[in-house]
Enquirer: 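Shown below is the structure under consideration.
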Number of protein chains: 2
Amino acid sequence: MSSLKRIDVDHLKVSCKECNLRELCFPHGMSDAELLNMDAVVDQPKPLHKNDFLYRDGDSSRAIYAVRSGCVKTMTESANGDEQIVGFHLPGELLGLDGFAEGVHTCNALALETSSVCELPLNQLENLCHVLPGLQKQMRRIMGKEVNNDHKLLLLLGKMTAEERLASFLLSLSSRMEERHWKDNEFNLSMPRQDIANYLGMAVETVSRLFATFQNEKIIDVDRRHITILDMQRLKAIVGECDTEL
Amino acid sequence: MSSLKRIDVDHLKVSCKECNLRELCFPHGMSDAELLNMDAVVDQPKPLHKNDFLYRDGDSSRAIYAVRSGCVKTMTESANGDEQIVGFHLPGELLGLDGFAEGVHTCNALALETSSVCELPLNQLENLCHVLPGLQKQMRRIMGKEVNNDHKLLLLLGKMTAEERLASFLLSLSSRMEERHWKDNEFNLSMPRQDIANYLGMAVETVSRLFATFQNEKIIDVDRRHITILDMQRLKAIVGECDTEL
DNA sequence: CGCCGATTTGACTCAGATCAAGGTTTGTGG
DNA sequence: CCACAAACCTTGATCTGAGTCAAATCGGCG
């Protein structure tokens, strides 16, 4: 690949039609004709560096975003200053719905590593929904998914033990890896232990100890940020999915 | 009021235009003309009795609902059978978004007391959104609000102590009472202690003890399900809204 | 009145937090 | 290329908020 081509990549827009994440993202279920319309309004801003904010609590809500590469975390802040991470967003996953209620974001969104996103500007979204019935429908699906995700997390925080939470977290990542046609039993964590702990409502030390326990029990292999799931069945058994075989 | 009239009440539809909850509900921000259209599609089924399900996990999603009177709780169920209550819905509040992702509900919705709801059928929603720009916008606001609510609850479950959680719960109820132009410092809980405990991720005994503590400290007065907030400032101070006067 | 579910209260226990080191990896400037 | 600092991660010891278990009390209601 020539140096010239490499420079061009920055300016090159990946069309929705050709994006390999299209089935997970805005375009899900759309016709080719509809995809062309999408391409016309979807913007692809400069990549975010690690620790760059995509948006902050209080920013006016201008768009919804899809992660194209990397990983973005969203977190809410409380009155007395502590933070709760509410989501880690992988490529193809959407964020920004938190701004829909009042037109102002109520979360911070921060890149965990170098990441790129696609933007769907809200001022165009309204018109586009009129023209593209598929998008209208997809928007509803997206929001429903967000709600369901949050509910799962509520269940996790409200009812599970630390062990179940971490197992559940690993399984969630694993199945999202599979959705993306990546290995579902071997992946890298893009977030530090501290963020996992925050997300799961526990102390860093507990995360660390549980990783050690799981490793001792040969359920997973942990090498710094690299996770290998050795015994998926046992992991599922921990969270109570009692479908061992059967 | 004659007995004849009383019978009619069952059949009488309350129009959105005349509903005193309209500013909290679907109609928020709509013109009179738009409200007439809403009325044409909003259905008002028979009231629910205590412990009736409005819908169940797995039911196909046919409508979104607005509580007109009473109180409805929604809860998710985990693989191993335990439940997490994810919301208590007061008059004017909406529910049913959990069915948007896959067209199937992922929550149970259950009346805590005799309750009535309005239904907005989904098959009409799509068309209606085309015709009524106000509804389209309102739908987005509604979903954003749901997401923000869930995020608040995540913060509560992930980061707060039991004391903070209960204080936060009481303040949330109080401000929702105010929205409805009811007393914000005196109200009845429509849910048993067990449900409060479940919602806040703690044991019933802890709820009971904390009510006793708050009562001893003259922050609230508790008489069975009847709550009187005696010292709003102190309650706010507990959750860390350090705006005590300022 | 007497039963039943909801609530409260007390005593005890424990999962997981906190506190305290120590080890490892990464990045940076000389 | 190395030294040094700053993150990040792990491990051990101790502590505690809130859960669990058990029992009494209350409030309706047939």
Side-chain angles (χ1 to χ4, degrees), chain A residues 49-51 71 73 82-85 88 110-114 156-170 188-217 220-227 238-240, chain B residues 49-51 71 73 82-85 110 112-114 156-170 188-217 220-227 238-240:
Chain A
H49 297 117
K50 184 171 172 173
N51 293 325
C71 185
K73 69 172 172 179
D82 43 24
E83 275 183 353
Q84 173 67 42
I85 295 174
F88 296 111
L110 179 69
L112 283 169
E113 51 190 300
T114 304
L156 179 146
L157 290 176
K159 297 287 169 290
M160 293 187 185
T161 65
E163 195 184 33
E164 290 166 338
R165 292 178 200 195
L166 189 62
S168 182
F169 174 67
L170 291 172
N188 284 298
L189 302 169
S190 29
M191 69 295 289
R193 300 285 190 270
Q194 183 58 66
D195 282 357
I196 298 176
N198 179 305
Y199 180 65
L200 299 176
M202 56 209 225
V204 209
E205 292 93 325
T206 306
V207 174
S208 194
R209 276 187 254 269
L210 284 171
F211 271 139
T213 309
F214 286 174
Q215 172 140 257
N216 282 336
E217 298 186 351
I220 63 175
D221 186 75
V222 186
D223 175 18
R224 194 141 174 80
R225 301 271 183 104
H226 187 83
I227 302 289
I238 289 172
V239 303
Chain B
H49 298 118
K50 184 171 174 173
N51 293 325
C71 185
K73 69 172 170 178
D82 44 26
E83 276 183 354
Q84 173 67 42
I85 295 173
L110 180 70
L112 284 168
E113 53 190 299
T114 304
L156 179 144
L157 290 175
K159 298 287 170 289
M160 294 188 184
T161 65
E163 194 184 34
E164 291 166 338
R165 292 178 201 196
L166 189 62
S168 183
F169 175 67
L170 291 172
N188 284 300
L189 302 170
S190 29
M191 69 294 290
R193 301 283 191 270
Q194 183 58 66
D195 282 358
I196 298 175
N198 180 305
Y199 180 65
L200 299 177
M202 56 209 228
V204 210
E205 292 93 326
T206 307
V207 174
S208 194
R209 277 188 253 270
L210 284 171
F211 271 138
T213 309
F214 286 174
Q215 173 141 257
N216 281 337
E217 297 186 350
I220 62 174
D221 186 75
V222 186
D223 175 18
R224 194 144 175 77
R225 300 272 183 102
H226 187 83
I227 302 290
I238 289 172
V239 303

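Just so we're on the same page: letters track the sequence lines, and every chain starts at 1.
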Enquirer: Expressed in angstrom and rounded to an integer, what is the separation of B:Arg225 atom CZ from C:dA6 atom P?
Expert: 9 Å
Enquirer: Taking the side chain of B:Arg193 as its heavy atoms from C-beta onward, which of C:dT7, C:dT18, D:dA18 lies nearest to it?
Expert: C:dT7
Enquirer: Could you tell me whether a side-chain N or O of A:Arg165 sits under 3.5 Å from a main-chain N or O of A:Met160, the two making a donor and an acceptor?
Expert: yes
Enquirer: If you count heavy atoms of other groups shown closer than 6.0 angstrom to NE2 of B:His226, is the number above 12?
Expert: yes
Enquirer: Start at the 5' end of DNA chain C and walk down; is the nucleotide closest to A:Arg224 or to A:Met160 reached first?
Expert: A:Met160
Enquirer: Using a heavy-atom cut-off of under 4.0 Å over every strand shown, decide if B:Arg165 touches base, sugar-phosphate, or nothing.
Expert: nothing
Enquirer: Just call it for A:Arg209: base, sugar-phosphate, or nothing, with non-hydrogen atoms closer than 4.0 Å on any strand.
Expert: base
Enquirer: Can you figure out which of D:dT11, C:dG10, D:dG19 approaches the side chain of A:Glu205 most closely?
Expert: D:dT11
Enquirer: Counting any heavy atom closer than 4.0 Å, what does B:Ser208 reach on the DNA or RNA strands: base, sugar-phosphate only, or nothing?
Expert: base
Enquirer: Taking only the side-chain nitrogens and oxygens of A:Thr161, find out if one of them lies under 4.0 Å from OP1 or OP2 of C:dA15.
Expert: no
Enquirer: Which atom pair, heavy atoms only, marks the closest approach of B:Leu110 to B:Asn51?
Expert: CD1-O, 2.9 Å
Enquirer: What's the NE2-C1' distance between A:His226 and C:dT25, to the nearest Å?
Expert: 17 Å
Enquirer: Can you tell me how far CG of A:Leu210 sits from CZ of A:Arg193, rounded to the nearest 0.5 angstrom?
Expert: 11.5 Å
Enquirer: Can you find a side chain N or O atom of A:Thr206 that sits less than 4.0 Å from OP1 or OP2 on C:dA15?
Expert: no
Enquirer: Under 4.0 Å between any heavy atoms, over every strand shown, what does A:Ala203 touch: base, sugar-phosphate, or nothing? Just pick one.
Expert: base
